[in-house]
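Within every chain, numbering begins at 1; the chains are lettered A, B, ... in the order of the sequence lines, protein sequences first and strands thereafter. As the structure is a computational prediction, the values presented were derived from the model and not from experiment.
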Protein chains: 2
Amino acid sequence: MVGSVVVARAMDRDLQRQAGLALAEHHLLAIINEAGEQGIRPTDLALGSTLTKSGLTRAVDRLEALGLIGSRVCPTDARGQLLALTAKGRQKLRRAAPEFFRSVGQHFADHLTERETETLATAFERIAAADRG
Amino acid sequence: MVGSVVVARAMDRDLQRQAGLALAEHHLLAIINEAGEQGIRPTDLALGSTLTKSGLTRAVDRLEALGLIGSRVCPTDARGQLLALTAKGRQKLRRAAPEFFRSVGQHFADHLTERETETLATAFERIAAADRG
DNA sequence: CGGAATAACTTGCGTAGGCAACTAGTTGAT
DNA sequence: ATCAACTAGTTGCCTACGCAAGTTATTCCG
């Protein structure tokens, strides 16, 4: 438990310094990126992140203010939005990638065997699934 | 990574509701408790927690204001303090214990096999050690 | 079709906690 | 003994984010 916080904090600092992006923001950009052109709803984004609705509203506001994402009203539900990366956002994400992977390696993955990595992945997936349900 | 945050948050809510104690505070109390009568230095406490010096100062202030811990000037180094639980702090910790273990089980441990638990423990210990060094 | 129940955000408010700069005590070298 | 380097905590400032209470928009009944 403590270990995971230590890792996250170390990565956050690395990413912030080298790419000017907080870990949480990087994560959001990565998820939004996967949604591609058509965009993603904040609610769906929240499912993939660790934020609550309110936290997400603010994070999205920040990313939008930075010009990294754009939003448009969802055509099928006027309450919601569709978020997608801007060109600038894609660039930021691309440029952050090397540092991101380096940092993951240094603080986390490089210390694990293949077996351990796999065990962690399946275990945490199961745990997250249990709590969502 | 995400999973661990989800678990921590869930436990934090449980503990806050049922025992009136944040997870981070519970963790600090537990470490201080282990130090026993003689107390522990804030710096040593920081090593076992996820907080920085400043965060720790504030957390300690809070716990002290709540009457859960007491501090005295360290006899061998006038810059520092020795922190120890008060009777009230010990009681709070004892009363929180059942909920704490229940919550760990529900959100985390119950979803893992023995083998997985062991793998996680050793892996994270190694990781934390690497980053401290 | 009208009104309750629900869903998708948003906002006001409060707190935790990081960083960098500061104070004060300790140690070590000359 | 003195002065520089270090270490222990503290504090000012700022940001992220949770919770609870809104505000629209949508859906589900009858």
Side-chain angles (χ1 to χ4, degrees), chain A residues 2 5-18 20-29 32 39-66 68-69 71-83 131, chain B residues 2 5-18 20-29 32 39-66 68-83:
Chain A
V2 172
V5 177
V6 171
V7 172
R9 191 113 76 216
M11 286 189 57
D12 195 32
R13 276 200 351 176
D14 283 355
L15 213 56
Q16 188 75 64
R17 279 203 210 287
Q18 306 298 323
L21 211 52
L23 182 58
E25 287 166 357
H26 177 271
H27 188 207
L28 291 179
L29 291 184
I32 296 172
I40 184 174
R41 299 286 295 263
T43 298
D44 296 331
L45 186 51
L47 291 178
S49 81
T50 67
L51 297 175
T52 60
K53 288 182 298 173
S54 72
L56 197 64
T57 295
R58 296 173 221 268
V60 164
D61 285 351
R62 257 176 285 143
L63 292 175
E64 205 170 350
L66 290 170
L68 301 177
I69 67 176
S71 72
R72 60 201 164 92
V73 173
C74 178
T76 71
D77 185 341
R79 289 170 302 182
Q81 309 161 235
L82 281 174
L83 308 170
D131 233 67
Chain B
V2 172
V5 177
V6 171
V7 172
R9 191 114 75 218
M11 287 189 57
D12 194 33
R13 277 201 351 177
D14 283 355
L15 213 55
Q16 189 75 65
R17 280 203 209 288
Q18 306 299 323
L21 210 53
L23 182 57
E25 287 166 357
H26 177 270
H27 187 207
L28 291 179
L29 291 184
I32 297 171
I40 184 174
R41 299 285 295 264
T43 298
D44 296 331
L45 185 52
L47 291 177
S49 81
T50 68
L51 297 176
T52 60
K53 287 182 299 174
S54 71
L56 197 64
T57 295
R58 295 173 221 270
V60 164
D61 286 351
R62 256 176 285 144
L63 292 175
E64 205 171 350
L66 290 170
L68 301 177
I69 66 176
S71 71
R72 60 199 165 93
V73 172
C74 177
T76 70
D77 185 342
R79 289 170 302 180
Q81 309 162 234
L82 281 174
L83 308 171

Do the side chains of [Y] and [X] get nearer than 4.5 Å, heavy atoms only?
| X | Y | value |
| --- | --- | --- |
| Glu25(A) | Leu68(A) | no |
| Leu83(B) | Leu28(B) | no |
| Thr57(B) | Lys53(B) | no |

Length of the [atom1]-[atom2] vector between [X] and [N], whole Å:
| X | N | atom1 | atom2 | answer |
| --- | --- | --- | --- | --- |
| Ile40(B) | dG9(D) | CD1 | C1' | 15 Å |
| Leu63(A) | dC17(D) | CG | C1' | 14 Å |
| Leu83(B) | dA8(D) | CG | C1' | 12 Å |
| Leu28(A) | dA16(D) | CG | P | 12 Å |

Hey, which of these two, Gly55(B) or Ala59(A), hits DNA chain D nearer its 5' end, going by closest nucleotide?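 Nearest nucleotide further toward 5': that of Gly55(B).
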Which pair of heavy atoms, one from Pro42(B) and one from Gln81(B), lies closest together, and at what distance?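 Scanning both residues completely, I find the closest heavy atoms to be CD-O, 3.4 Å.
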Shortest non-hydrogen contact between Leu29(A) and Leu21(A), atoms and distance: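 Taking Leu29(A) first and Leu21(A) second, the nearest heavy atoms are CD1-CD2, 3.9 Å.
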Hey, does the side chain of Arg62(A) come within less than 4.0 Å of dT15(D)'s phosphate (OP1/OP2), counting only N and O?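 For dT15(D), OP1/OP2 do not have a side-chain N/O of Arg62(A) under 4.0 Å.
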Any residue in residues 11-18 of chain A with a heavy atom nearer than 4.0 angstrom to DNA chain D? Just list them by number, or reply none.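 None - not one residue of the stretch has a heavy atom sitting under 4.0 Å from the strand.
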For a quick check, with a 4.0 angstrom heavy-atom cut-off, what is the B/S/- contact string for nucleotides 2-10 of chain C, read 5' to 3'? -----BSBB
Gap between atom CG of Leu82(B) and atom CD1 of Ile69(B) - 0.5 Å precision: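 Answer rounded to 0.5 Å: 11.5 Å.
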